[in-house]
Amino acid sequence: MKMDFMGVHHIMTDRITLNYEVSAEDFTRAGEASSDVKKKLKQMGVEPSTITKVAIAMYEGEINMVIHAQGGQINVVISPDEVLMKLADRGPGINDIEKAMEAGFSTAPDNIRALGFGAGMGLPNMKKYSDEMQIETEIGKGTTVTMKVFLS
Ligand SMILES: Nc1ncnc2c1ncn2[C@@H]1O[C@H](COP(=O)(O)OP(=O)(O)O)[C@@H](O)[C@H]1O
Ligand SMILES: [Mg+2]
């Protein structure tokens, strides 16, 4: 007889909200918010391939806040259907979003490139690994990137 073990299925009933302050002062801390979300999704039993998508998309957005925008705030809402990430900064804004989305395009200066950043693959990978992505930006005011990864 085939048995069903209801107990092994993780049932998420509540939504979980996580808020992070991203500092641009300390490069050694860049990526802390995305690794914390990754850890929490793992504890919740989310599928590894889904965790990878969230981790890559959020890490790239977080790094952009650090290297291009003096940091900012990240708000993550994990609900039964999706992981919603909102990354808001008060940086310089993005002049030409289409250009910024091109693989290899980067305005990162030499000192940032010397640290290993500035390959120009962040935004293309955020687009690739998220299921939905939206950029709102205003020159001199800041940028908000909203990404969603669906949980299957
Ligand atoms: N949050 C942001 N604020 C201002 N500019 C940004 C932001 N994110 C991305 N950009 C601009 O878009 C370009 C491309 O971003 P990305 O693909 O992540 O490449 P990289 O970060 O390696 O330069 C950046 O070089 C920068 O000019
Ligand atoms: Mg980047």
Side-chain angles (χ1 to χ4, degrees), residues 12 14-152:
M12 242 198 283
D14 292 314
R15 57 180 55 205
I16 295 158
T17 300
L18 304 162
N19 289 300
Y20 303 93
E21 190 71 39
V22 178
S23 167
E25 308 284 292
D26 184 0
F27 271 83
T28 63
R29 294 191 55 194
E32 274 188 2
S34 46
S35 57
D36 187 66
V37 170
K38 188 177 174 178
K39 194 178 87 190
K40 291 208 160 65
L41 292 173
K42 240 182 224 174
Q43 288 166 352
M44 285 174 206
V46 171
E47 204 190 349
S49 62
T50 306
I51 298 177
T52 299
K53 288 171 67 180
V54 172
I56 293 173
M58 187 173 156
Y59 173 79
E60 290 296 349
E62 184 180 354
I63 292 298
N64 281 352
M65 296 171 92
V66 174
I67 68 176
H68 303 297
Q70 303 103 51
Q73 281 85 37
I74 301 179
N75 171 259
V76 180
V77 182
I78 304 166
S79 53
D81 296 340
E82 65 187 34
V83 179
L84 172 68
M85 296 159 267
K86 197 172 234 181
L87 296 80
D89 68 60
R90 292 180 178 277
I94 302 172
N95 189 39
D96 183 341
I97 293 177
E98 226 172 288
K99 188 110 202 146
M101 291 294 306
E102 281 174 16
F105 177 84
S106 177
T107 60
D110 286 345
N111 62 317
I112 295 294
R113 288 172 196 261
L115 296 171
F117 302 107
M121 289 309 294
L123 286 172
N125 279 327
M126 288 156 74
K127 177 85 186 158
K128 179 179 169 187
Y129 288 100
S130 62
D131 293 311
E132 276 178 23
M133 177 169 143
Q134 190 193 337
I135 301 173
E136 292 159 89
T137 190
E138 205 180 325
I139 299 304
K141 288 264 165 75
T143 301
T144 299
V145 180
T146 307
M147 293 182 287
K148 259 185 200 180
V149 171
F150 299 129
L151 300 179
S152 37

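Along the sequence shown, residues carry numbers from 1. Order of appearance sets the numbers: ligands from 1, and atoms from 1 within every ligand.
At least one N or O atom of A119, backbone or side chain, sits closer than 3.5 Å to an N or O atom of ligand 1. Here's the thing with P92: none of its N/O atoms is less than 3.5 angstrom from an N/O atom of ligand 1. The shortest N/O to N/O separation between G122 and ligand 1 falls below 3.5 Å. Annotation: A69 places no N or O atom under 3.5 Å from an N or O atom of ligand 1; distance criterion only.
Using a 4.0 Å heavy-atom cutoff, G93 is listed among the residues neighbouring ligand 1. Heavy-atom distances between G91 and ligand 1 stay at or above 4.0 Å for every pair.
The protein non-hydrogen atom at the shortest distance from atom 26 (C) of ligand 1 is T107 OG1, 3.3 Å. Atom 17 (O) of ligand 1 has L123 N, 2.9 Å as its closest protein atom, hydrogens excluded (heavy atom only). Nearest protein heavy-atom neighbour of atom 21 (O) of ligand 1: H68 NE2, 2.8 Å. The closest protein non-hydrogen atom to atom 6 (C) of ligand 1 is I94 CG1, 3.5 Å. Ranking protein heavy atoms by distance to atom 1 (N) of ligand 1, first place goes to D89 OD2, 2.9 Å. Protein heavy atom at the shortest distance from atom 9 (C) of ligand 1 is N64 ND2, 3.6 Å.
Atoms of ligand 1 lying under 4.0 Å from any heavy atom of F105, numbered from 1 in the order shown and given with element: 14 (C), 19 (O). Each of the following atoms of ligand 1 lies closer than 4.0 Å to a heavy atom of A100: 12 (O), 14 (C), 17 (O). Listed by number with element, the atoms of ligand 1 under 4.0 Å from a non-hydrogen atom of G120 are 17 (O), 19 (O), 20 (P), 22 (O). Less than 4.0 angstrom separates some heavy atom of I67 from each of these atoms of ligand 1: 21 (O). In summary, the atoms of ligand 1 found under 4.0 Å from a heavy atom of P124, numbered by their order in the structure, are 17 (O).
Summarising the local packing, CD of E25 is surrounded by 12 or fewer heavy atoms from other residues, nucleotides or ligands at distances under 6.0 Å.
Here OG1 of T50 is found 6.5 Å from CG of L151. Values are rounded to the nearest 0.5 Å. Distance OG1/T17 to CD1/I78: 8.5 Å, rounded to 0.5 Å. Here the OG-CD distance, from S130 to E60, works out to 11.5 Å after rounding to the nearest 0.5 Å. A distance of 13.0 Å separates CD of E82 from CE of M147, quoted to the nearest 0.5 Å. The line from CG of N75 to OG1 of T144 is 11.0 Å long, rounded to the nearest 0.5 Å.
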Should S34 and E62 be marked as a side chain to side chain donor-acceptor pair (under 3.5 Å) after you check the CA-CA gap, both sets of side-chain angles, and the distance that decides it? CA-CA 7 Å; S34 46; E62 184 180 354; 2.8 Å; yes
Going through the distances and angles, do M133 and T146 end up as a side chain to side chain contact (heavy atoms under 4.5 Å, CB included)? CA-CA 6 Å; M133 177 169 143; T146 307; over 6 Å; no
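Using a 4.5 Å cut-off on side-chain heavy atoms (C-beta onward), K38 and L41 make no contact. At least one side-chain heavy atom of V37 sits under 4.5 Å from a side-chain heavy atom of M58.
Counting heavy atoms under 4.0 Å from ligand 1, residue S106 touches it through both backbone and side chain. Neither the backbone nor the side chain of T137 comes within contact range of ligand 1; no heavy atom lies under 4.0 Å.
When each of N111, I63, V66 is checked for a side chain to side chain contact (heavy atoms under 4.5 Å, CB included) with F117, only I63 meets the rule.
Among the backbone and side-chain atoms of M121, none of the N, O or S atoms lies under 2.8 Å from the Mg ion (ligand 2).
Side-chain atoms of E132 do not come within 3.5 Å of backbone N or O of K148 as any donor-acceptor pair.
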